[in-house]
Amino acid sequence: MFRRFDFRKYKEILGINRRNQVYIRPHNHAKAKRIADNKILTKRLLNKHNISTPELYKVVRTKKQLMYMDWASLPKSFVIKPNRGSTGSGILVIYGRAKDKLEWIRSTGARLNQYDLEVHMLNILEGRYSMGNRSDMVLIEERVKNHPVIKPYAYKGIPDVRVVVYNQVPVMAYIRIPTRRSAGKANLNAGGLAVGIDISSGLTTNAIRTVPLSFMEYDYEIVETTADFAQNLPLRGIQIPFFNKILRIALQAQQISGLGFMAVDIAIDRDRGPLVFEINARPGPAIQIANMAGLRSRLERVEGLKVRDIDHGIRIAKNLFGGEVEDEIASISGKTIVRLTERAVVYHVGRTKNSKKYEVIRVSFNPSYRTSRIDQGLASRIGFRNAIKHFKSFDIPDRFDSLSDAQQFIDTQGEEIVAHEQIERLARVQVGDKYMISPVLPVPIKLPDGKKTIDMIVSSQSVLKYPAVIGRNEMKSYLLDTGRTF
Amino acid sequence: MSEFTQWITTHGVPLSTFIYLLYVPIIATIINFSRYILGFKTYGVYAPLTLAFALYYTGIRFGLLLTVGVILATLLSYRVLRKIRMHYVSRITINYILIVLFVIFLIAFNEISPISITTDRHDPNAIHPLAIVVIAALSDYFIKKFVRKSLLTAAFSMAETMAVSIIGWLFLRYEPLGTFLIQYPWSILLLVPFNLWLGQYSGLRLNEYIRFRHIVRS
């Protein structure tokens, strides 16, 4: 059973202890936390910096205000929230109002009268849903309307995208989706779905939910599709709308909030685009499971980086943390995704005492070559010196006028040249409108998918620009990603 | 008996009080360890601490019977009271009235029933009444978690509080530890560096190893 576990990966995971000790305590100061824990203050601060939030209709501060509330003036749909609430408790979503009567319709379809709303608001005022059990305020704000891309996944509620930000870099993201079990709440512990998002592409990856009726408090299972609809959709590969804008807003929010380590929850409105729901000074660790990746290793990679501006922060994140989607493509297609140039290791053949065991080089993946190439100098260094000497000892014309001339030469004299044990065969290489002959060597090389021996034509780096080029003969097992350059 | 213990017992501190006071930091350390190394979420420090002492007085079986009884009574009374609109503290107070009656009948029922659970002391009169009050007061913690989070969270916290208290009770019962404390009361200061270390600990908690197993599965 333990064979399938890679215990070293535990080192990459951020637990509650480390989160509190290393990230929250030193980086989130009391003043900044006070603002983040208070929805009204957060809203005011963000709006001042032109970041959109759901519109605030009314604030109820005291029981007296509640008694004199003008119920008829409330808009048709709205949301009632505690100001200092946590984990989505105490939120009541009103979809519409009954005709001619002071009755409101909940997201679940239940009807509520004025008395029901008053009781709920009184509970909020008494601090029943609030952090620290102190008295609280009631917020009545705009109900976000789901963006059409997201809507088919959400059961009676608003999904929100959470971006965890540290040192001006978005380190991890997921989207929380309400379900029938969570009663419209986008909260994992209430029974909602959490779906990881690949930072570089904005595509969703793994979806998880808590196991119902488990013997453990935090027990998650992976799900593939939604479960509450007549037609259930796969949760992988959803392109989150406005994803780059969402990352940008998250970074702006961090700058404004003064929090070092934080999460920003952003809903996507049909008409208004991304709206910040709240900022969170104590992001929970569950996001790691939705992304099947550890936060600790990501935070440590971002630590101490000098981030110039928001664009730079986003670029760093996309280069460092993207790739979950690529990994998935790779696992489906069985191919390895490579960039235009990759690091590779060439091993020495017929090693002598003095020579090194291997050499690290950059190879270029270039489909305009059929057979792979290797620089003559490099080939000599890694133990093909004798083979090249042997080849040069023959009197071979520099250039041939046509392919058939070159072939004829190979047919008549090739056998003697190939007699050298290291030379596989001779290749005809086009140079401008002439042809030349070059030896092909079996080069042991380690590429991103592992060690192998590749037939390479000896060539010159001045032509190749790289010490070695992988041609299209070898590229069947790779997918070339031209977007990522470092 | 060390000189210090002798001096303290002749200056108005009864020996039993002295020992129990020394046990307080030991049980607090157990709670600290359970929280940050094992990942047990207890109802604060006070609840498991007092519950451990209460269990010591009532005996483990009788104490657990009372605890489970109190929680069931709380759930029952909460279900009934939920329908009536009232202030939070009023609700808790009425809840206590129901629980106290329930506990009284539970003790009486236990006494007359054929499958009665006896206390370790075989004499209910020997049980310190404060122990029973402490157990009844757990209801307050339970309700708070239930109302603010969920029944599941409240139940998990309750179970973890009980587990930690039972570990504390085992320490209280372990007599050589008591004799050791009488001999070397200053040894309690050794707990300071240990707790300091716990205070700096930033590794994963035991329950997090289970929680994150999906990520580690390759």
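Chain letters run A, B, ... following the sequence lines, proteins first and then strands; every chain starts at 1. Given the structure is predicted, the values throughout are model-derived calculations rather than measurements.
Around the CZ atom of B:Phe18, the shell of radius 6.0 Å holds more than 12 heavy atoms that belong to other residues, nucleotides or ligands.
For A:Ala190, no part lies near chain B; criterion is any non-hydrogen pair under 4.5 Å. Of the atoms belonging to B:Arg35, not a single heavy atom falls under 4.5 Å from chain A. Within the 4.5 angstrom heavy-atom criterion, only side-chain atoms of B:Phe156, from C-beta onward, approach chain A. For a residue to count as touching a neighbouring chain, one of its non-hydrogen atoms must lie under 4.5 Å from one of that chain's; by this rule A:Ile16 touches chain B with backbone and side chain alike. Residue contact with chain B, scored on non-hydrogen atoms closer than 4.5 Å, involves the side chain of A:Tyr115 exclusively. For A:Gln21, the part lying under 4.5 angstrom from a heavy atom of chain B is the side chain only.
The CZ atom of A:Arg18 sits 9.0 Å away from the OH atom of B:Tyr201 when rounded to the nearest 0.5 Å.
A pairwise comparison of heavy atoms in A:Ile13 and B:Val216 identifies CD1-CG2, 4.1 Å as the closest pair. The shortest heavy-atom contact between A:Ile289 and B:Arg211 is CD1-O, 3.6 Å.
Without hydrogens or angle criteria, A:Tyr10 side chain to B:Tyr209 main chain gives a donor-acceptor distance under 3.5 Å. Panel note: side chain A:Asn17, backbone B:Tyr36; a donor-acceptor pair is recorded below 3.5 Å.
Chosen from A:Pro285, A:Ala286, A:Gly90, the residue pairing most often with chain B at heavy-atom distances under 4.5 Å is A:Pro285.
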